[in-house]
Amino acid sequence: MTTILNISTASVPEQRKALIAIEREIKELHRDWSYYDEVPARVIHLLKRRKYILNNMFNPSDEAMRHFNRVNATLATLSERLDERADALRQTASLWLTEFDQEIRFKACIEFDADLECDIETARPVINLSDNGWYGSDFEYMINLLAELYELNEHSEIISFVDYIVPIKKSPNKYSANRQKSPEEEAWQKALFARWLAFKTDKPCDNCNEFGSHYPFNGRPEFRNIKITKAVHILCKHKMYAIPDVLRMNCFRSGIHISIENLRTQKDRIIK
């Protein structure tokens with residue numbers, strides 16, 4: 001069992017010693033639970049404690065800030081591309097459904113599932129930096145463990161949003177894409193895009209205080225002129241990764257999965 005330490009007043013050697021003890025206990029507990037078991041509350045407590053110590057120990061060296069900026073820029077680019085591709089697919093699918101001949105009573109539903117996540121299946125998922133020994137953390141083991149725990153709880157993604165679109169009821173002989181839309185159609189389109197935009201990756205987190213004492217970037221001059229992307233914000237604020245963990249993450253993956261359902265009754269005519 002690890003001892004309680006006042007991190008705010010502890011020296012770096014004392015914090016390092018506490019961190020090593022915490023990770024040792026986590027590894028011991030990890031050996032005793034199955035992948036399909038519920039994660040012990042003690043492990044969650046230790047992981048949060050580990051994050052707090054690592055953030056307090058964070059050393060903004062040139063190497064560390066260089067890697068942080070790379071991760072921040074990579075996640076910003078992936079987030080922007082995810083938004084752009086999702087919006088493009090959204091508009092194409094919406095037009096495709098609204099222009100279908102409703103006289104055939106073709107019923108379709110398209111589901112979009114977009115996500116951005118850390119990929120630990122690559123050959124080198126975690127980068128070793130020169131100050132690994134200064135922290136004393138087994139970064140590769142712990143980052144992989146955290147990814148395993150989030151996957152176990154079906155929260156492996158950093159950013160994820162799901163949406164559905166369905167066709168509206170239209171009058172016969174009004175299928176031209178160039179014609180003026182009715183008030184009903186305009187309202188329907190606005191409602192669809194409002195719901196979609198609510199999940200965009202640049203939307204601020206709801207009820208999230210970025211200036212509180214527990215926000216990891218608060219009061220740190222090295223981050224004053226850096227725009228923290230939402231993905232990094234989520235990793236460091238809402239998940240149990242510390243800043244030194246994030247800047248060692250080497251590979252990220254984004255994707256959009258689309259599924260189309262066709263619904264028909266016995267009375268519906270078959271489309272050939």
Side-chain angles (χ1 to χ4, degrees), residues 19 22-23 26-27 30 33 35-36 39 43-44 46-55 57-58 63-86 112-129 131-132 135 137-162 199-205 208 210 215-217 223 226-257:
L19 179 68
I22 285 172
E23 293 192 0
I26 291 173
K27 290 178 181 179
H30 187 205
W33 90 74
Y35 178 84
Y36 298 99
V39 180
V43 172
I44 302 300
L46 291 171
L47 287 171
K48 290 179 178 179
R49 186 72 174 167
R50 171 187 179 271
K51 173 183 177 179
Y52 181 70
I53 293 175
L54 277 173
N55 281 338
M57 291 180 68
F58 176 61
E63 180 188 38
M65 295 309 298
R66 183 170 64 252
H67 282 275
F68 180 86
N69 284 319
R70 286 177 182 173
V71 170
N72 194 52
T74 297
L75 289 174
T77 300
L78 286 174
S79 298
E80 290 170 3
R81 289 179 180 173
L82 191 65
D83 282 344
E84 292 169 358
R85 291 168 181 169
F112 294 83
D113 185 358
D115 56 63
L116 169 63
E117 61 185 8
C118 177
D119 187 356
I120 62 170
E121 302 299 328
T122 58
R124 194 186 177 199
V126 179
I127 295 176
N128 290 319
L129 302 184
D131 60 357
N132 276 21
Y135 290 103
S137 173
D138 188 345
F139 285 108
E140 185 168 0
Y141 183 97
M142 299 306 301
I143 291 173
N144 279 279
L145 172 62
L146 283 166
E148 175 187 317
L149 296 185
Y150 284 120
E151 182 179 356
L152 174 63
N153 289 280
E154 299 182 349
H155 292 296
S156 60
E157 68 281 346
I158 304 170
I159 291 175
S160 179
F161 46 90
V162 179
F199 288 93
K200 283 175 65 66
T201 57
D202 57 1
K203 179 179 180 291
C205 296
C208 185
E210 295 189 358
Y215 187 61
F217 304 108
F223 296 110
I226 299 176
K227 182 180 179 180
I228 305 296
T229 189
K230 183 178 179 181
V232 172
H233 168 97
I234 290 173
L235 284 169
C236 294
K237 170 67 176 178
H238 301 291
K239 293 182 180 286
M240 291 184 287
Y241 296 101
I243 297 174
D245 291 325
V246 171
L247 59 87
R248 286 166 170 78
M249 293 179 175
N250 191 40
C251 189
F252 301 91
R253 175 178 56 198
S254 66
I256 303 174
H257 309 279

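In this structure the side chain of K230 reaches within 4.5 angstrom of the side chain of I234, judged on heavy atoms.
With rounding to the nearest 0.5 angstrom, the CZ atom of R70 is 7.5 Å from the CD1 atom of I127. Between L247 atom CG and M65 atom CE the span is 8.5 Å, to the nearest 0.5 Å. The distance from atom CG of L54 to atom CD1 of I22, rounded to the nearest 0.5 Å, is 9.0 Å. Atoms CD1 and NZ, from I243 and K51 in turn, are 9.0 Å apart once rounded to the nearest 0.5 Å. Note that CD of E148 and CG of N144 are 8.5 Å apart. Values are rounded to the nearest 0.5 Å.
Taking the salt bridge (charged side-chain N to carboxylate O under 4.0 Å, His left out) definition, one finds that R85 meets it with nothing, sequence neighbours left out. Legend: residues meeting side chain to side chain contact (heavy atoms under 4.5 Å, CB included) with E63, ordered by chain and number and at least two apart, are S61, R66, H67, L129, S130. Every residue meeting the side chain to side chain donor-acceptor pair (under 3.5 Å) condition with N128, not counting sequence neighbours, appears here in chain and number order: N132. Evaluation of the side chain to side chain donor-acceptor pair (under 3.5 Å) rule for D138 yields K27 as partners, not counting sequence neighbours. Remark: F139 pairs with Y135 by the ring pair (Phe, Tyr, Trp, His ring centres under 6.0 Å) rule, at least two apart or across chains. In this structure R248 satisfies the salt bridge (charged side-chain N to carboxylate O under 4.0 Å, His left out) test together with D131, sequence neighbours excluded. For F223, the ring pair (Phe, Tyr, Trp, His ring centres under 6.0 Å) partners are F58, F68, F217, not counting sequence neighbours.
Between L116 and S254, the shortest heavy-atom distance links the atoms CD1-CB, 3.9 Å. Here the shortest heavy-atom pairing between P216 and C236 reads CG-O, 3.6 Å. Of all heavy-atom pairs between M249 and L235, the closest is SD-CD1, 4.2 Å.
Listed for the Y150 side chain is a donor-acceptor partner under 3.5 Å among the backbone atoms of M240. N72 places no side-chain N or O within donor-acceptor distance of the main-chain N or O of N69, the cut-off being under 3.5 Å.
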Exercise. Would you check, one step at a time, whether the test side-chain contact (heavy atoms from CB on, under 4.5 Å) holds for E23 with Y141?
Key: CA-CA 9 Å; E23 293 192 0; Y141 183 97; over 6 Å; no
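In this structure, K239 does not pair ionically with D245, as no charged nitrogen and carboxylate oxygen lie closer than 4.0 Å.
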